[in-house]
Amino acid sequence: MIENITTKLAILLQGKVPEKIDTGNITDEHEQNLANRLNQLITFMQEVHDFIIPLSKGELTEINMSSQNFFGSPFKELHSRLLHLTWQANQVANGDFSQRVDFMGDFSEAFNSMIVSLRNSEKLLKMKIHELEKALSHIKTLRGIVPICASCKQIRDDEGYWHQVESYVRDHSEAEFSHSICPECAKNLYPDLVKDNE
Amino acid sequence: MFKENRDYNKFLWKDLGDIESGRPNLGLSVPVLVYRLLQYTFRDVMITELGVNKTNDIIIKAGRLAGRQFCENMLNRELDFNEFVSQLQRVLREQAIGILRVEKIDFENMRFTLTVVEDLDCSGLPPTDEVVCQYDEGFIAGIMEAYTGKSFHAKEIDCWASGDRVCRFDVRLQKDTE
């Protein structure tokens with residue numbers, strides 16, 4: 001009996017789960033109690049084994065362990081925390097940046113920093129998108145049909161008012177004008193000056 | 001309020017009194033052991049006087065009443081569900097009631113799996129083969145009822161007291177449990 005129990009304990013100490021002891025032939029009451037206790041320990045270790053292997057692979061659903069298994073209770077707590085973190089990660093993925101992890105040491109700090117970074121990045125991105133959309137709306141205005149006077153080149157706006165081409169373009173785009181005189185106009189306007197320079 | 005016979009609940013949040021002015025020196029808080037002393041002695045006497053089933057029934061009903069009043073007076077019920085859960089987590093933590101964590105939410109069927117860690121009622125109790133957080137069951141159901149306007153049922157499926165190191169609750173609409 002002692003040899004049998006020693007063998008079972010040695011297997012347990014190797015991190016494996018042995019077969020239970022057959023208690024049917026044990027007549028001594030103390031030995032029966034000892035065998036029952038060891039069999040209970042084997043059951044608990046089997047449960048822990050069956051629970052922790054899928055958990056280590058990230059398989060969080062469909063695993064369970066009986067109550068009263070005190071060897072396994074820290075793993076149940078870990079399992080619960082991982083389920084909660086999975087739910088929180090899904091919430092964040094759906095845009096809920098109010099999530100925070102409490103009382104999980106270094107992990108809390110890392111997770112909470114990540115949420116703040118994600119929220120800031122999204123805010124910045126939304127701001128940039130808004131700016132781009134605004135700029136795009138100006139470009140679209142200038143892409144439409146612009147009624148222009150064939151003679152004086154003034155442009156008519158949507159309300160029927162006429163504007164000089166410079167002011168119209170400036171008001172409907174990000175462009176600014178700096179005034180100068182082209183060589184052809186310079187010849188017409190200042191013929192003497194142009195002749196001297198030539 | 002406490003000395004008349006009646007068959008309806010009358011408790012309101014204001015019945016808790018102005019604790020701040022009533023306890024200027026001792027303050028708002030008492031140790032957890034005082035809370036447990038109250039709850040477990042009540043429980044013990046009720047079991048001898050009324051039996052286990054009736055006792056549990058009363059504790060769940062009291063928790064439900066407390067949960068409704070807590071929600072109506074301590075929580076903003078106008079928030080959407082995600083924000084409401086975040087708020088509930090924060091308030092339960094600030095009031096040192098427990099650390100609430102959500103494991104699963106099924107909106108379609110209105111079914112939730114929640115855990116409470118460092119629970120006021122049971123964390124640290126000597127292990128038995130019983131789940132003991134009946135007051136929490138009622139409290140959680142009461143909060144959900146006050147928020148949604150629908151009847152809820154909460155059942156503790158794991159408990160510190162039964163060796164699980166975490167209290168896990170299955171919360172669902174009342175009609176699903178009938």
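All values below come from the heavy atoms of this structure, side chains included, with hydrogens, waters and symmetry mates left out. Quick note on labels: first sequence line is chain A, next is B, and so on, each numbered from 1.
- Neither side chain, A:T86 nor B:K104, offers a donor N or O lying under 3.5 Å from an acceptor on the other.
- For A:F103, the parts sitting under 4.5 Å from any heavy atom of chain B are the backbone and the side chain alike.
- For residues 85-103 of chain B, a heavy-atom distance under 4.5 Å to chain A picks out B:V85, B:S86, B:Q89, B:R93, B:I99, B:R101, B:V102, B:E103, given by residue number.
- Other residues, nucleotides and ligands contribute more than 12 heavy atoms inside 6.0 Å of the CD atom of B:E4.
- Note: B:Q69 CD to B:E72 CD = 5.5 Å, rounded to the nearest 0.5 Å.
- In this structure, B:D136 and B:C167 have side chains that are not in contact, with every pair of non-hydrogen atoms separated by 4.5 Å or more.
- For A:N69, the part sitting under 4.5 Å from any heavy atom of chain B is the backbone (N, CA, C, O) and nothing else.
- Taking 4.5 Å as the limit, some side-chain heavy atom of A:F71 sits within range of a side-chain heavy atom of A:L41.
- Atom CG of B:L28 and atom CZ of B:R23 lie 8.0 Å apart (nearest 0.5 Å).
- Residues B:R165 and A:K76 are not in side-chain contact: their nearest non-hydrogen atoms beyond the backbone lie 4.5 Å or more apart.
- Heavy atoms of A:D96 lying under 4.5 Å from chain B belong exclusively to its side chain.
- Under the 4.0 Å criterion applied to side-chain N and carboxylate O atoms, B:R172 and B:D170 are assigned as salt-bridge partners.
- Counting heavy-atom pairs closer than 4.5 Å to chain A, the top residue among B:I105, B:T115, B:V166, B:L114 is B:I105.
- Using a cut-off of 4.0 Å between Lys/Arg side-chain N and Asp/Glu carboxylate O, B:D158 and B:R168 are scored as salt-bridged.
- Looking at A:Q99 and A:W87, their side chains come closer than 4.5 Å, going by heavy atoms from C-beta outward.
- Side chains of B:L173 and B:F152 form a contact here, defined as non-hydrogen atoms less than 4.5 Å apart.
- By number of non-hydrogen pairs under 4.5 angstrom with chain B, the leading residue of A:L82, A:L60, A:N94, A:L83 is A:L83.
- A side-chain N or O of A:Q46 and one of A:D50 form a donor-acceptor pair less than 3.5 Å apart.
- Contact annotation for residues 36-53 of chain B against chain A (heavy-atom separation below 4.5 Å): no residues qualify.
- Heavy-atom pairs under 4.5 Å with chain B peak, among A:Q88, A:R81, A:M65, at A:R81.
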